There are 2 protein chains.
Amino acid sequence: MARTRHARLDCAPGCPVEGTLQMIDGKWKGVVLFHLLSGTMRFNELRRQLTNCTQRMLTRQLRELEADGLVHREVYPEVPPRVEYSLTARGRTLEPVLLALKAWGEDHVIAPEIPAGEVELTLVPG
Amino acid sequence: MARTRHARLDCAPGCPVEGTLQMIDGKWKGVVLFHLLSGTMRFNELRRQLTNCTQRMLTRQLRELEADGLVHREVYPEVPPRVEYSLTARGRTLEPVLLALKAWGEDHVIAPEIPAGEVELTLVPG
DNA sequence: CGGGATCCAGAGGGATACTG
DNA sequence: CAGTATCCCTCTGGATCCCG
């Protein structure tokens, strides 16, 4: 979906499910957050994980996550530039949610073009 | 976001996080699934829970959930018509995910009209 | 390296009216 | 009651080029 960016909680005022979904809604947010669970990552490092994510999209998703207080952006005044992304304390509280998402996916999502039987167990997302 | 409806796993083939998100992506899906955790519900019954969801949208979301094998639709040949929705076995496996979403929302989602991130402290003088 | 600016298509979603 | 059928528009997200 595209839930209107924090326009409001459409379900009902204060609906917790809707509210949480708004945080991880955006084509790449869930996955970005998940990867950052592993630790700090540089921009391109993160990008390499998201095979089909354009540079512009990754930037935008990261900015929104930053605005939501879930991700911290650290810019190092160097040449060439270095920017590192990490989860904030608030972002880390999403860990149970992200792990639940991952666990369900591992059990129930049928992988595309990977016929059952030769299911690969490299479950590192991204 | 609007992830293209199951077009593919954009993150990476088999990415479990991305895959799970695709299931509950759609403006009302997460909330619908959550409400169905409580048990079978009729169409309008469900609709009353989703304050701002139009009839058309609810129908569409339910159809997609049905197509994904998460929701069962039972039509009773009566007049007036009666249609009941319930979670399938597969749908019920999402319970941990939905509960995680709810739990986080309860703890971290700031009530509407106070968008997270731009919390303003308008100091009333005097 | 890590972006920003611009242009653009189309899917997602809203409003409204009609129906078996 | 539980939907279709249209119309229309917003916003997301992709492509491309440029920048310090």
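All chains are named by letter (A, B, ...) in the order of the sequence lines, taking the proteins before the strands, and each is independently numbered beginning at 1. Owing to the predicted nature of the structure, the values given are computational and were not obtained by experimental measurement.
- Residue B/Gln61 contributes atom CD, which lies 13 Å from atom C1' of C/dG14 at whole-angstrom precision.
- When the P atom of C/dA11 is taken as reference, atom CD of B/Gln22 falls 16 Å away, rounded to whole Å.
- A distance of 9.5 Å separates SG in B/Cys15 from CD in A/Glu106, rounded to the nearest 0.5 Å.
- Looking at A/Thr88, its side chain does come within 3.5 Å of a backbone N or O of A/Gly69 through a donor-acceptor pair.
- For A/Asn44, the side-chain atoms get nearest to C/dC1 when compared with the rest of D/dG14, D/dG3, C/dC1.
- Within the 3.5 Å criterion, the main-chain N or O of A/Gly105 finds a donor-acceptor partner in the side chain of B/Thr20.
- Among the protein residues, A/Arg56 comes within range of the nucleic acid bases, having at least one heavy atom under 4.0 Å from a base atom.
- In this model, the phosphate group of D/dT4 is not approached by any side-chain N or O of B/Gln55 to a distance below 4.0 Å at OP1 or OP2.
- Taking only distance into account, the side chain of B/Arg60 never meets the base of D/dT4 through a donor-acceptor pair shorter than 3.5 Å.
- Note: the hydrophobic cluster containing B/Leu70 also contains B/Val75 (ILVMFWY, side chain heavy atoms under 4.5 Å, direct or indirect links).
- Residues of residues 77-87 of chain A having a heavy atom closer than 4.0 Å to DNA chain D, listed by number: A/Pro81.
- Computed from coordinates, the B/Glu45 CD to D/dG3 P distance equals 13 Å when rounded to whole Å.
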Decide yes or no on side chain to side chain contact (heavy atoms under 4.5 Å, CB included) for A/Glu95 and A/Leu37, but give the supporting numbers first. CA-CA 7 Å; A/Glu95 181 162 7; A/Leu37 277 180; 3.9 Å; yes

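- If you measure from atom CE of B/Met57 to atom P of D/dA5, you get 14 Å, rounded to the nearest angstrom.
- Between A/Arg73 and C/dG3 there is a side-chain N or O to OP1 or OP2 distance below 4.0 Å.
- Residue B/Arg42 places no side-chain N or O under 4.0 Å from the OP1 or OP2 atom of D/dC1.
- Of the possible polar contacts, one joining the A/Gln61 side chain to the A/Trp28 backbone as a donor-acceptor pair under 3.5 Å is found.
- Taking atom CH2 of A/Trp28 as the reference point, atom C1' of D/dT12 lies 13 Å away to the nearest angstrom.
- Separating the CG atom of B/Asp25 from the C1' atom of C/dG13 is a distance of 13 Å, rounded to the nearest angstrom.
- The main-chain N or O of A/Val71 is never found under 3.5 Å from a side-chain atom of A/Arg90 such that the two would form a donor-acceptor pair.
- One finds no salt bridge joining A/Arg47 and A/Glu45 here, because no Lys/Arg side-chain nitrogen approaches an Asp/Glu carboxylate oxygen to under 4.0 Å.
- One atom, CG of B/Leu62, and another, C1' of D/dT4, lie 15 Å apart when rounded to the nearest Å.
- Within the structure, a side-chain polar atom (N or O) of B/Arg63 is placed less than 4.0 Å from OP1 or OP2 of D/dT4.
- Listed for the A/Thr40 side chain is no donor-acceptor partner under 3.5 Å among the backbone atoms of A/Ser86.
- Under a 3.5 Å cut-off, the side chain of A/Lys102 and the backbone N or O of A/Leu98 do not form any donor-acceptor pair.
- Five base pairs at each end of the helix from C/dC1-D/dG20 to C/dG20-D/dC1 define two local axes, and these are offset by 60° (rounded to 10°).
- Rounded to whole Å, the distance from CE on A/Met41 to P on C/dG2 is 11 Å.
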